[in-house]
Amino acid sequence: MGLRAARSAWTGLLVVLALLMSSVKEHDFKKCDQSGFCKRNRAYADTATAESSRWQSPYNVQPASVSFKDGQLHAVIKKTINNNGDTVNLPITVSFLQSGNARVTVDEERRQKQDIELRHDSKIRKERYNEAGDWVLVGGLELDKNAKISHQDDTQINIQYGKDGNLEAAIKYSPLVIDFRRAGASHVRFNDRGFLNMEHWRPKIEKIEKPEGEVEGQEAALEERSAEDESTWWEETFGGNTDSKPRGPESLALDISFLGYEHVFGIPEHTGSLSLKQTRGGNGNHDEPYRMYNSDVFEYILDSPMTLYGSIPFMQAHRKDSTVGVFWLNAAETWVDIVKSKAASNPLTLGKTGKINTETHWISESGLLDVFVFLGPTPQDLTRTYGELTGYSAMPQEFAVGYHQCRWNYISDDDVKDVDRKMDKFKIPYDVIWLDIEYLDDRKYFTWDPHSFTDPTGMGKQLEDHSRQLVVIIDPHIKKLEGYPIYDQLSSQDLAVYDKEGKVYEGWCWPGSSNWIDCFNPKAIEWWKSLYKYDNFKGTLENTFIWNDMNEPSVFNGPETTMPKDNIHFGQWEHRDVHNINGLTFHNATFQALKTRKKGELRRPFVLTRSFYSGSQRLGAMWTGDNQATWEHLAASIPMVLNQGISGFPFAGADVGGFFGNPSKDLMARWYQAGAFYPFFRGHAHIDSRRREPYLLGEPYTGILTQALRLRYALLPSWYTAFFHANRDGSPIVRPMYWTHPSEESGFAVDDQLFVGSTGILVKPIVEENRFSTDIFIPDNEVYYDYTTYNKLSTQQGKRITVAAAIDQIPMLMRGGHVFARRDIPRRSSKAMRFDDYTLVVTVSKTGAAEGELYADDGDSFEHEKGQYIYRRFSLTMDGMTSTDAEGRNAKSVKAGEWLKAQSQVHVDKIIIVGASAAWNRKEVEIESEGKTRSVQVDYHAESSGQAAFAVVGRVGAKIGSDWKITLA
């Protein structure tokens, strides 16, 4: 068999393997009762619940150990472990932060002091994993030194904290309960139900025949533990894989109650509703806890709490005019149970409006108990302060906000160039074309297939000439093949993950037998950075960017399609300790690499990741993985993307068209209309799916997809402004109703529609077959206009309005009171639009006013961090309209660089005022800018046949970066 034939056969074998694995369903992944530590802690909770009238949590703070200074409380919890009164010491620290957040950390003294014995002669660390914060936390940890003791006695200590001193933590000693209050009302409570459980270290005692003269100590110990099920303490088997546990059982669990809150959101990534369901059974509820254990799930099922590719253990609870939350900082496998109960009629518990308590139970396999508490009171407060802790979204390159064309796979460089030419031929805008694993030479990363991609440089140059970019896939598994330079370097420099025996771990993925780079190792990151330099990664250019896939990590022959938990990473930590941040470390290494490809070049990276954790938002974008070409998966994508946004990682999207399968033309049309409102907008397909580039569908569908794409590009200035706000304060890019309207209770569970940033554009994509109208929920008493027709709609707060939507229409409204920017000239890509003039769309509110913003920078470099940007605020009143610097900067306060100078040639072309008052019914208006006044034409259209009055003002001609004023005399 020739080399080419052998490669083809191997490729075919892997595709068959992938297809077999694509049928993986729930039984291939653990349920709670198949996960030893989850089952034990759920049983512990069941016992506490069943014996609630007499249950006493065995965790008690020792009053004499309590100290408080400079915003931090230290104490020792004693856990009673048997009827003899033996105890285990658990140091606790409660930190009160200047942000208004609080942090509770509990460790285990004996492990902390490394006073334990490991089994199997293991060389791993003896401590509980304590380095998650090093990867995740970037700020917001300054202590509130003004925090003070407001009450203290032998049973309790209360700490008053917060900017206004209106926050309080009441720490009850016996048993330990921590009650977090705002303005005197309880909102979040720890260990209220007594589920706190930290499995302390104990030696394994072999159960052997009692020999003559056996010491009484062992007999007593065996008798003491005879009632406990130790079957999963020391090792555990699932799916034919056995996990050794050198440290023995070390799980931790805590019940966290949200008092007076019916809705909780967050903890992605899962499929299902935005408002999380209960998990203890019952009509419409889940029977399983939500699981966070990053895994390659392939064709994932819908409306399920089972794990997916990423984890963000950040949960928010919301009720009318109040939002609170918790962030569970733990990188190990984690399960979360949710139940709801009627709240007691206690004003300190309920505040004014709450009637339901949401009670959650968090369970992790290892690590510290480390929880942040957020007391809001608004959704914006939570996303902002969570972002202070874990970082805000990276400001993307502008091209990344455009449309991405991808499939597994474009088969050659000629194929790529042909797609690029045809997109132009059919006048379909796009910014990026992607290459999946088939571009590689024999699945070896940092190579090109010598038969199919003979001229990658020429391919990249054509894309560059057409103002477009290329993204190529690079995964963390390295083909085990001597003579392959990347493998040889990985091996010789000792940069790979090890197995429990201390040997380099070997598993199977796309290349066959592979080793995995260990990006917890600083030396591995430095090596990884060197590989991306243009001189080393031949064929890549300045318009080449990266896609990190399979970084959960995915291991085809591993337990639950991932790496064994007893593998060993840099620092001698077990994989079980760090699993959920593994993907983040690889994503980080690639992000760092793209910043250092060439000396003197400092451009914003673009790196897409599949696996993620809290903090991954600092590094790029994510997508929801291997979805299916079905209407149900289209519908599921909306709440999934919304949930990512409120959970601090808003640069999110789903594979448009569905990864697996062949979508109908109607489904493609509706999916592109929905995808135009994902922050990350990429069409993608499986290798066995039919080609589905937009120009292949034929009319009218090619035109429908092109129309959706052009809408995305017209609104790019507003999308980019939304990304700017995400980068500044953590605001979601697309926003659910509870986030934008926290007082409208009937909208809290609405998760099939969204607002685009602060534009007031309200969209509800059609996600059902043969559906040509939809009902849009109206969250307030403001006026709404149809985006296309300017019709003024008859709406009522808290009710739904039916909107027609033929196959070529998107249900899209404009809320009164906003100003947003467009660029209306059709172009091939975002780069081709960068010096086009702007159109401002003004939607007049019931009070006759409107406000909005525009942010712009060079879309490529980090010069915006040096003040090289434009940030304008637009305001419409009854007297006219103005544009001012949103930050009050003087034009002379920043020395203009090359891009900022070029903006002097970019202007406001026209202003469209929807709902314009009769004051605009004139032939022209006067505009004053840069010390000059001139007349601008007005084309006024009176209200008629349901259409609101509107005025088109233009050509305005004012520089986009300059102050200007239109006065209605």
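Distance check, rounded to the nearest 0.5 Å: CD of Gln493 to NZ of Lys523 gives 9.0 Å. The OG atom of Ser99 sits 6.0 Å away from the CG atom of Leu389 when rounded to the nearest 0.5 Å. Interatomic distance, OG1 of Thr155 versus CD1 of Ile171, reported as 12.0 Å (0.5 Å rounding). To the nearest 0.5 angstrom, Arg189 atom CZ is 8.0 Å from Asn357 atom CG. Rounded to the nearest 0.5 angstrom, Ser174 OG and Lys78 NZ are separated by 13.0 Å. The CE atom of Met315 sits 12.5 Å away from the CG atom of Leu382 when rounded to the nearest 0.5 Å.
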Note to self: Phe520 vs Phe570, test: ring-ring contact (aromatic ring centres under 6.0 Å, His included). Steps then yes/no.
What the structure shows: CA-CA 6 Å; Phe520 289 89; Phe570 176 80; 8.7 Å; no

Notebook entry, point to check: Please walk me through it: do Phe314 and Phe374 pass ring-ring contact (aromatic ring centres under 6.0 Å, His included)?
Noted result: CA-CA 10 Å; Phe314 176 38; Phe374 306 77; 5.3 Å; yes

Notebook entry, point to check: Stepwise, does the side chain to side chain contact (heavy atoms under 4.5 Å, CB included) test hold for Val326 with Val188?
Noted result: CA-CA 9 Å; Val326 295; Val188 181; 4.2 Å; yes

Next item on the list: Show the numbers, then the answer: is there a side chain to side chain contact (heavy atoms under 4.5 Å, CB included) between Phe372 and Val104?
Entry: CA-CA 6 Å; Phe372 290 84; Val104 178; over 6 Å; no

Next item on the list: Just do the ring-ring contact (aromatic ring centres under 6.0 Å, His included) check on His187 and Phe180 with the steps written out, would you?
Entry: CA-CA 6 Å; His187 290 265; Phe180 293 94; over 10 Å; no

Item checked: Intermediate values then yes/no, side chain to side chain contact (heavy atoms under 4.5 Å, CB included), Leu254 and Ile256 -> CA-CA 6 Å; Leu254 177 68; Ile256 301 175; 3.9 Å; yes

Next item on the list: May I have the step-by-step check of side chain to side chain contact (heavy atoms under 4.5 Å, CB included) for Thr47 and Glu51, ending in yes or no?
Entry: CA-CA 6 Å; Thr47 299; Glu51 301 176 2; 3.8 Å; yes

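Side chain of Asn330 to main chain of Leu368: a donor-acceptor pair is present (N/O by atom type, distance under 3.5 Å, no hydrogens or angles). Counting only distance, with no hydrogens or angles, the side chain of Arg103 and the backbone of Leu97 share no donor-acceptor pair below 3.5 Å. Judged by distance alone, the side chain of Arg125 and the main-chain N or O of Glu574 form no donor-acceptor pair under 3.5 Å. Checked by atom type and distance alone, the side chain of Asn521 never pairs as donor or acceptor with a backbone atom of Asp518 at under 3.5 Å. Between the side chain of Lys503 and the main chain of Tyr498, no donor-acceptor pair closer than 3.5 Å is present. Listed for the Ser295 side chain is a donor-acceptor partner under 3.5 Å among the backbone atoms of Tyr293. Asn82 places a side-chain N or O within 3.5 Å of a backbone atom of Gly85 that can act as its donor or acceptor partner. A donor-acceptor pair under 3.5 Å links the side-chain atoms of Asn551 to the main chain of Ser611, judged by distance alone. Put simply, the side chain of Arg202 gets close to the backbone of His200: a donor and an acceptor are under 3.5 Å apart. A donor-acceptor contact shorter than 3.5 Å is absent between the side chain of Asp179 and the backbone of Ala170.
Looking only at side-chain heavy atoms (C-beta outward), Tyr505 and Val555 come within less than 4.5 Å of each other. The shortest distance between side-chain heavy atoms of Val336 and Pro289 does not fall below 4.5 Å. Between Asn515 and Val497 the shortest side-chain heavy-atom distance does not fall below 4.5 Å. Side-chain contact between Ser364 and Ser366 is absent, with no heavy-atom pair separated by less than 4.5 Å. With a 4.5 Å cut-off on side-chain heavy atoms, Ser614 and Pro313 count as touching. Counting only heavy atoms from C-beta outward, the side chains of Trp516 and Val504 never approach each other to under 4.5 Å. Contact annotation: the side chain of Phe586 approaches that of Pro476 to within less than 4.5 Å [non-hydrogen atoms, C-beta and beyond]. Annotation: side chain of Trp527 is in contact with side chain of Leu490 (closest heavy-atom distance under 4.5 Å).
Using a 4.0 Å cut-off between charged nitrogen and carboxylate oxygen, Glu333 and Lys565 count as a salt-bridge pair. At a threshold of 4.0 Å, the pair Arg576-Glu365 counts as salt-bridged, since one of the basic side-chain nitrogens sits closer than that to a carboxylate oxygen. Note on Asp243 versus Lys500: no salt bridge recorded, every NZ/NE/NH1/NH2 to OD/OE distance being 4.0 Å or above. A salt bridge links Glu560 with Arg291; the closest basic N to acidic carboxylate O contact falls under 4.0 Å. Ion pairing of Glu236 with Lys30 is present here, as a side-chain N (NZ or NE/NH1/NH2) and a carboxylate O approach within less than 4.0 Å. Using a 4.0 Å cut-off between charged side-chain N and carboxylate O, Lys79 and Glu108 make no salt bridge. Under the 4.0 Å criterion applied to side-chain N and carboxylate O atoms, Arg193 and Glu359 are assigned as salt-bridge partners.
Taking all atoms of both residues into account, the shortest heavy-atom contact from Gly162 to Asp144 is N-OD2, 3.2 Å. Here the shortest heavy-atom pairing between His74 and Thr93 reads ND1-OG1, 3.3 Å.
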With a 3.5 Å cut-off and sequence neighbours excluded, list the donor-acceptor pairs that the side chains of residues 113-124 form with protein atoms.
residue: Asp115; atom: OD2; partner: Arg110; partner atom: NE; Å: 3.4
residue: Arg119; atom: NH1; partner: Trp234; partner atom: O; Å: 3.2
residue: Ser122; atom: OG; partner: Ile124; partner atom: N; Å: 3.2

Between side-chain atoms of residues 38-45 and protein atoms elsewhere (two or more places apart, or another chain), which donor-acceptor pairs fall under 3.5 Å?
residue: Arg40; atom: NE; partner: Glu199; partner atom: OE2; Å: 2.7
residue: Arg40; atom: NH1; partner: Thr232; partner atom: OG1; Å: 2.9
residue: Arg40; atom: NH2; partner: Glu199; partner atom: OE1; Å: 2.8
residue: Arg40; atom: NH2; partner: Glu199; partner atom: OE2; Å: 3.3
residue: Asn41; atom: OD1; partner: Asn197; partner atom: ND2; Å: 2.9
residue: Asn41; atom: ND2; partner: Phe37; partner atom: O; Å: 2.8
residue: Asn41; atom: ND2; partner: Ser251; partner atom: OG; Å: 2.9
residue: Arg42; atom: NE; partner: Asp337; partner atom: OD2; Å: 2.7
residue: Arg42; atom: NH2; partner: Thr279; partner atom: O; Å: 2.9
residue: Arg42; atom: NH2; partner: Asp287; partner atom: O; Å: 3.3
residue: Arg42; atom: NH2; partner: Asp337; partner atom: OD1; Å: 2.8
residue: Tyr44; atom: OH; partner: Leu196; partner atom: O; Å: 3.4

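Aromatic rings of Trp135 and Tyr613 (six-membered ring for Trp) have centroids beyond the 6.0 Å cut-off, not under it. Separation of the Trp335 and Tyr290 ring centroids does not fall under the 6.0 Å cut-off. Proximity of the aromatic rings of Phe612 and Tyr309 is defined here by a centroid distance below 6.0 angstrom, and this criterion is not met.
Stacking of Arg128 on the aromatic ring of Trp201 is not recorded, the 6.0 Å distance cut-off and the 45° axial limit not both being met.
When each of Thr307, Leu308, Val297 is tested with Glu269 by the rule side chain to side chain contact (heavy atoms under 4.5 Å, CB included), just one qualifies, namely Leu308. Shown are Asn294, Thr334, Asn567; of these, the side chain to side chain contact (heavy atoms under 4.5 Å, CB included) with His579 is made only by Asn294.
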